[in-house]
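The next block holds one structure in the form of structure tokens; read it before the comments.
Below, chains carry the letters A, B, ... as their sequence lines are ordered, and counting in each starts from 1.
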2 protein chains.
Amino acid sequence: MADPNQRIDSIIKKLKESSHKLTPQRLAVVKILAHSQGHPNVEQIYEQIKSDFPTMSLATVYRNVMLLKSLGEILELGFPDGSNRYDGNKPYPHPHVICIKCKKVIDPDLDSLKDMTSEIAAETGFKIVTHRLDFFGFCQDCMNQ
Amino acid sequence: MADPNQRIDSIIKKLKESSHKLTPQRLAVVKILAHSQGHPNVEQIYEQIKSDFPTMSLATVYRNVMLLKSLGEILELGFPDGSNRYDGNKPYPHPHVICIKCKKVIDPDLDSLKDMTSEIAAETGFKIVTHRLDFFGFCQDCMNQ
DNA sequence: GAAATAAATGATAATGATTATCATTTAAAT
DNA sequence: ATTTAAATGATAATCATTATCATTTATTTC
Ligand SMILES: [Mn+2]
Ligand SMILES: [Mn+2]
Ligand SMILES: [Zn+2]
Ligand SMILES: [Zn+2]
């Protein structure tokens, strides 16, 4: 993965460029997302921060996650059941593999994804802006049970 | 597309096999989904039925769509913003192309999709059950404006 | 460093699509 | 025609997210 400190610096730079204030609460959200491996949700970010930041409000986590998303610094993975997970390391579209049982979300390598977007554009006439590719199944841990 | 009448018959058969009653309301929902081209949502199904079935309840549409989904006869496309669209013709996973502006949803052909699932399974060790592939962009109609 | 100000926060209410509830109706079996 | 479990219609409950608003604070300016 990318170096968390590099990620943090680049996000802070983006925040300053867009003249947003750097509050302790905001920085805490940025740090957690930059260090995250498992695509956390808002509630998990909130719980992590609350332990050493007891006054933190859930609304503030929502607001900052929304802001980072609008700045293009994190990728939001919204699911039909209403749950949202966030990738603070790869803000661009990329495939995911999701365990139906334990809700683990991982980033696989997928070579054959290359020219799919242009193939779609050629066939449909759409100007493709983004895409979403999820595979759902059972991880090895959950199968060994 | 598949012949709507074939689709209707096959869904009715599935309903009888699973000993579900065939009410006029249920049949109306089935017919609309079997004839649908544009991946309608619950509200659109409801509106279509209400015109010649004024007592129809929105809850009944939700219940029947849920039932057809659980029987594997329709595909639900849930989106992060909470909206759901339904494909009554191709109940199995397949890619979609969605216009960000007019919300059109179409079924493209995509040859290069073939062995992606097995590639993912080999790399991650997951047992893949299903997948979801969406492309987002602007359709030609919306670009010519 | 103090003052000024626009932005951010915390607490909580509002939202809105979906789901649950329950009394009434009805499809289908006998 | 009778019976009964399932389905319906109307409406309340749910719950993650968003909006509101009074208070606090990061940053700029002097
Ligand atoms: Mn990811
Ligand atoms: Mn489709
Ligand atoms: Zn698992
Ligand atoms: Zn369009």
Heavy-atom contacts, protein to nucleotides 24-30 of chain C, under 4.0 Å, summarised as B (base), S (sugar-phosphate only) or - (none) per nt, yield --BBS--

Under the side chain to side chain contact (heavy atoms under 4.5 Å, CB included) test, residues paired with [X] that sit two or more places apart:
X: A/Pro80; answer: B/Arg132
X: B/Leu133; answer: A/Met116, A/Leu133, B/Pro95, B/Leu110, B/Leu113, B/Phe135
X: A/Ser51; answer: none

Quick check for you: to the nearest 0.5 Å, what is the distance between B/Gln140 atom CD and A/Thr124 atom OG1? 7.5 Å

Review item, side-chain donor-acceptor pairs of residues 52-67 of chain B, under 3.5 Å, at least two apart:
unit_1: B/Ser57; atom_1: OG; unit_2: B/Ala59; atom_2: N; d: 3.2
unit_1: B/Thr60; atom_1: OG1; unit_2: B/Arg63; atom_2: NH2; d: 3.3
unit_1: B/Asn64; atom_1: OD1; unit_2: B/Arg26; atom_2: NE; d: 2.5
unit_1: B/Asn64; atom_1: OD1; unit_2: B/Arg26; atom_2: NH2; d: 3.2
unit_1: B/Asn64; atom_1: ND2; unit_2: B/Thr60; atom_2: O; d: 3.0

Which residue pairs pass the salt bridge (charged side-chain N to carboxylate O under 4.0 Å, His left out) test with at least one member in residues 70-96 of chain A, sequence neighbours excluded? A/Arg7-A/Glu73, A/Lys14-A/Glu73, A/Lys69-A/Glu76, A/Lys90-A/Asp107

When rounded to whole Å, the OH to C1' distance for the pair B/Tyr46 and C/dG16 reads 16 Å

Sorted by number, the residues of residues 73-84 of chain A with heavy-atom contact under 4.0 Å to DNA chain D: A/Gly82, A/Asn84

With the threshold set at under 4.0 Å for non-hydrogen atoms, list the residues of residues 50-66 of chain B touching DNA chain D in residue-number order. B/Thr55, B/Met56, B/Ser57, B/Ala59, B/Thr60, B/Arg63, B/Asn64

My understanding is that only residues two or more places apart in sequence, or in another chain, count here; which of them pass ring pair (Phe, Tyr, Trp, His ring centres under 6.0 Å) with B/His96? B/His39, B/His94

Partner set under side chain to side chain donor-acceptor pair (under 3.5 Å) for A/Lys104, not counting sequence neighbours: A/Asp141

Can you sort out the partners of B/Asn5 under side chain to side chain donor-acceptor pair (under 3.5 Å), two or more places apart, ordered by chain and number? none

Five pairs at each end of the helix from C/dG1-D/dC30 to C/dT30-D/dA1: take the axis at both ends and give me the angle between them to 10°. 30°

